Structures are given as structure tokens and as C-alpha cells.
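The structure appears below as C-alpha cells.
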Amino acid sequence: MNETSVKSAAHLYPVYIGENLRHQTDHYLSKSYSSVLIITDETVASHYLSDVQESVSQETVYVHVIPAGEKAKSVDTFYQLHTKAIEYGLDRQSLIIALGGGVVGDVAGFVAATFMRGIDFIQMPTTILAHDSSVGGKVAINHEQGKNLIGSFYAPVAVIYDVGTLHTLPDNEIRSGYAELLKEALLADGDLYQSLIMKDLSSLSNKDLADKLLKGIEIKAGIVGIDERESGIRQHLNLGHTLGHALESLLGYGYRTHGELVALGLLFAFRVSEKTFSSQLPYEQLYTWLKSNGYPFKLPFVEPARILSKMKKDKKTLRTTIQMVLLKDIAKPALVEISDEDLLNYLHDFQKE
Ligand code: NAD
Ligand code: MG
């Protein structure tokens with residue numbers, strides 16, 4: 001087991017990462033609680049809920065299972081969870097455990113942030129992507145007008161990450177989370193980046209994954225420790241997301257996973273970086289690795305002008321000109337304004353590759 005910690009405005013919280021941690025949940029609780037509510041989704045429940053339930057010895061343990069998938073990050077689920085928390089008699093000394101991927105973490109975390117003005121919660125991530133979503137203190141649900149529009153900053157009291165849960169993930173979810181790991185490495189650690197693309201995804205061991213995820217978490221923790229509220233360098237975590245988000249929304253959520261499209265966004269950011277800074281980035285190497293690991297290269301054609309207008313609607317875009325995170329080199333990110341004309345040309349060329 002490895003351990004690191006994350007600084008938030010509210011407190012410092014530990015991240016435990018290793019195998020079989022789900023069998024020892026109690027061991028990682030820093031105090032006793034009046035009651036515990038485990039929130040998980042149907043799929044995760046079928047694999048891991050009983051392990052976690054058995055490992056919590058607090059007297060009163062409740063469980064609520066939500067549907068799997070993004071649609072559960074809704075006002076309805078949020079309201080139902082509050083209703084359950086009230087019916088079960090949770091109080092301010094209760095704990096919520098979010099067992100699952102980013103969806104469970106986000107909605108359960110937002111319930112914890114708001115129930116009785118905030119109670120303790122623990123993140124128990126079960127996806128690779130959730131190494132990203134469980135750290136950094138953002139919790140949210142979706143509004144029908146857009147993703148993550150209702151939420152807050154609310155840090156967990158601990159993250160307990162059992163990498164022994166990851167082998168049951170479908171391949172597209174492995175690709176999704178791994179792309180965020182590639183992103184973190186590109187922002188801060190060239191050696192980690194090279195080690196990430198040395199092997200194919202299918203040959204990664206749990207030990208490999210635990211080591212790499214820990215490093216990814218440390219990179220994210222380093223960034224959010226300085227800029228929790230995203231007024232400065234936290235924006236670097238959007239590397240690959242300018243194109244990734246636009247494609248996700250234009251192709252329809254769920255067409256491909258978030259991270260699979262972010263991976264294409266990373267390649268695009270390489271190209272734009274090369275044009276902007278004459279950076280020497282290993283484009284071909286990344287392209288080949290992504291291709292051989294099943295990332296999506298045969299997407300329906302989308303007009304560059306539609307992509308550009310979608311990029312401009314992204315809620316994180318404050319200006320009329322697009323700001324992109326680029327790389328002067330690996331581990332040297334920079335936020336740069338790109339003119340519409342340049343961006344259209346780059347998108348046009350990129351779609352031909
Ligand atoms: P997810 O939670 O929907 O999980 C993906 C799928 O995998 C689901 O069907 C789930 O049931 C299944 N699953 C989970 N663990 C499994 C396991 N061990 N074995 C088999 N199946 C398993 O999605 P995700 O990709 O983990 O997270 C995406 C969400 O995270 C999005 O809503 C996104 O907005 C959010 N997010 C939040 C932050 C943040 O900072 N809060 C950051 C990034 C993403
Ligand atoms: Mg992302």
C-alpha cells in the first residue's frame with residue numbers, strides 16, 4: 001500500500017492506494033461515525049459492495065445503489081439520496097462512502113457536501129478515471145442544459161483506492177482513465193509519460209497501475225494544492241480537453257468515453273504546440289501507441305467550424321478567443337490564445353491525418 005496526501009482549503013486528506021484495500025475499509029477510518037451510508041452503482045455493487053460492507057464494522061451501515069452511468073448524475077438521484085439519508089436518520093456525525101467511478105463520486109460527494117450543510121465523505125474509486133475525479137474536491141451533478149453545472153468544492157476526508165477492482169473494467173473505460181493519466185504525465189513528468197506508453201494496456205499489472213496512478217494523483221494533487229478553485233494553473237488539467245469536450249458533445253455523450261476523446265485532444269494539442277512554439281513533441285509515438293491500444297481514429301467527420309463553435313460554448317471559455325493548454329515541451333505547459341483562423345486550419349489538417 002502507498003500513501004500520499006492532498007491539500008484542500010478545508011483540510012489535508014490522505015490517499016491510500018494499493019490492492020485489497022476494500023477489505024480493510026475500517027482500518028482507514030480516522031474516527032468512528034454514528035452511521036455510514038455506502039453509495040454505489042449497480043455494476044460496482046455486483047462486484048464489490050459486499051466486500052466493502054463486510055469491512056465496515058460501524059454499527060449502522062446503510063447502502064443505496066444508483067443506476068450505472070452518467071444519467072445517474074441527476075437532480076433526481078441527488079434528491080432521492082437526500083430522502084434516503086433523512087429516512088435512515090443520518091446526522092452530522094455520519095459518513096458517506098462513495099464506492100464507484102466518477103459518477104458515484106461526484107453525486108455522492110455533492111450529497112455529502114449538502115446534507116445538513118456538509119458531512120464527512122470518503123471516496124473509494126473503482127475506475128481508472130476516478131484517480132482524477134476523486135482528487136481535487138470538485139463534486140457535482142448535471143443539469144439538462146449541461147454537465148456539472150450544479151456542484152461545489154468539497155473535499156473528501158480520505159480516498160481509499162483499491163486497484164484490485166480495476167480488472168473488471170471494460171476496455172473502453174480503461175482507455176478513458178488512462179488518457180487522463182497520460183495527460184497528467186505530459187504536464188509534469190516526462191519519465192512517467194515514457195513509462196506509460198512503453199507497454200500496451202493489456203499487459204499492465206495491478207502493481208504497474210498502482211505505481212502509475214499514484215504518480216498521476218501526486219501530479220494532480222500538486223496542481224490543486226496550489227490552485228484549488230481553478231483560477232490559474234489548475235487550467236492546465238484541461239490539456240487535451242478543448243477538442244475532447246467538443247467532440248464528446250458533438251458526437252453525443254456516450255458515443256465514445258470521455259478519455260478516449262481526450263486522447264485525440266492530446267494529439268491535437270501536440271500538433272498545435274508544434275505550430276505555436278516549434279515544439280519537438282513525439283507525435284508519431286503517441287499516435288502509434290493510441291492506435292494500437294484501440295483509441296478511436298475512425299470517427300464521423302465533423303466540420304471544423306462546428307467544432308470551433310462548440311469549443312466556444314464550453315463553460316470554461318471566458319473569452320471569445322479559444323485558450324488552449326499547449327506544451328512548449330513535455331512537462332512545460334502553457335495556456336495560449338489561438339485565433340479562430342489558425343484553429344480552423346489546424347482542425348482541418350488534423351482531421352486529414
Ligand atoms: P462511471 O462512474 O460512469 O464509471 C464508468 C462505468 O464503469 C460505469 O458503467 C460503472 O458502473 C462501471 N464501473 C465502475 N467501476 C467498475 C469496475 N471496477 N468494474 C467494472 N465496471 C465498473 O464513469 P467514470 O469514467 O469513472 O467517471 C466519469 C464521471 O466523472 C463524469 O461524470 C465526469 O464528469 C466525472 N469527473 C469528475 C471530475 C472531478 O474532478 N470531480 C473529474 C473528472 C471526471
Ligand atoms: Mg477529463
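Every number for a ligand or one of its atoms is a count from 1 in the order of the listing. All of these numbers come straight from a predicted model, not from anything done at the bench.
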Q.
Using side-chain heavy atoms (C-beta onward) and a distance below 4.5 Å, is I160 in contact with Y16?
A. yes
(Q) Same cluster or not: I119 versus Y79, using hydrophobic residues (I, L, V, M, F, W, Y) connected whenever any side-chain heavy atoms lie under 4.5 Å apart? (A) no
Q) atom 21 (N) of ligand 1: which protein heavy atom is closest, and how many Å away? A) T43 CG2, 3.7 Å
(Q) With a 6.0 Å cut-off on the ring centroids, do Y154 and F110 count as close? (A) no
Q: Considering heavy atoms of the protein only, find what lies nearest to atom 19 (N) of ligand 1 and give residue, atom and distance to 0.1 Å.
A: T168 OG1, 2.7 Å
Q.
I want to confirm something. Looking only at heavy atoms, which of V135, I141, L129 is nearest to atom 44 (C) of ligand 1?
A. L129
Q) Angle class for the Y287/Y283 ring planes (parallel below 30°, perpendicular above 60°, tilted otherwise)? A) parallel
Q: Give the residue, atom name and distance (to 0.1 Å) of the protein heavy atom nearest atom 31 (C) of ligand 1.
A: E70 OE1, 3.3 Å
**Q.** Interfacing atoms of ligand 1 (cut-off 4.0 Å, heavy-atom, K73)
**A.** 31 (C), 32 (O), 33 (C), 34 (O), 35 (C)
**Q.** Contact (N/O only, under 3.5 Å) between T126 and ligand 1
**A.** yes
Q | Shortest protein contact, atom 30 (O) of ligand 1 (heavy atom only) | A | G102 CA, 3.3 Å
Q.
Return the closest protein heavy atom for atom 36 (N) of ligand 1 as residue, atom name and distance.
A. S133 CB, 3.6 Å
Q) Applying a 4.0 Å heavy-atom criterion (strictly less than), which segment of T257 is in contact with ligand 1: side chain, backbone, both, or neither? A) neither
(Q) Ring of Y62, cation from K84 - is the NZ or CZ under 6.0 Å from the centre and inside 45° of the axis? (A) no
**Q.** Student check: side-chain heavy atoms of S176 and I128 closer than 4.5 Å
**A.** no
Q. Got Y161 and I217 here, is their nearest side-chain heavy-atom distance under 4.5 Å?
A. yes
Q) At the Mg ion (ligand 2), what angle lies between atom OE2 of E180 and atom NE2 of H241, rounded to 10 degrees? A) 90°
(Q) Taking 4.0 angstrom as the limit and counting only heavy atoms of T165, give me the atoms of ligand 1 inside it, by number and element. (A) 17 (C), 18 (N)
Q: Among all protein heavy atoms, pick the one closest to atom 41 (N) of ligand 1 and tell me residue, atom and distance.
A: K138 O, 2.8 Å
Q) Quick one: are F270 and P282 in side-chain contact, heavy atoms under 4.5 Å? A) yes
Q | Per-residue contact class, H258 against ligand 1 - non-hydrogen pairs under 4.0 Å | A | neither
Q) Side chains of N20 and H23: does their closest heavy-atom pair fall under 4.5 Å? A) yes
Q: Give me the ring orientation class for H241 and H258: parallel if the planes are under 30° apart, tilted from 30 to 60°, perpendicular past 60°.
A: tilted
Q: Check whether any protein heavy atom sits under 4.0 Å from atom 17 (C) of ligand 1.
A: yes
Q) Quick one: does V163's side chain get under 4.5 Å of I17's, heavy atoms only? A) yes
(Q) Among all the protein's non-hydrogen atoms, which is closest to atom 8 (C) of ligand 1, and how far away is it? (A) D41 OD2, 4.2 Å
Q: Would you indicate which of H47, K147, E173 comes nearest to atom 5 (C) of ligand 1 when only heavy atoms are counted?
A: E173
Q. Does the N or O separation between L166 and ligand 1 drop below 3.5 Å for any pair?
A. no
Q.
Under 4.0 Å, heavy-atom basis, I'd like to know which part of E42 is in contact with ligand 1: side chain, backbone, both or neither.
A. neither
Q: Record the part of V103 in heavy-atom contact with ligand 1 below 4.0 Å; permitted values are side chain, backbone, both and neither.
A: both
Q: Determine the interplanar angle of the W289 and Y178 rings, folded into 0 to 90°, and report it as parallel if under 30°, tilted if 30 to 60°, perpendicular if over 60°.
A: parallel
Q) Side chain, backbone, both or neither: which part of V139 has a heavy atom under 4.0 Å from ligand 1? A) neither
**Q.** Closest protein heavy atom to atom 9 (O) of ligand 1, given as residue, atom name and distance to 0.1 Å
**A.** A68 CB, 3.9 Å
Q: List every atom of ligand 1 that sits less than 4.0 Å from any heavy atom of Y48, numbering the atoms from 1 in the order shown and giving each element.
A: 18 (N)
Q: State whether the number of non-hydrogen atoms from other residues, nucleotides or ligands found under 6.0 Å of K215 atom NZ is greater than 12.
A: no
Q: Using a strict cut-off of 4.0 Å, indicate which atoms of ligand 1 neighbour a heavy atom of T127.
A: 4 (O), 14 (C), 15 (N), 26 (O)
Q. How about I330 and K332: do any of their side-chain heavy atoms sit closer than 4.5 Å?
A. no
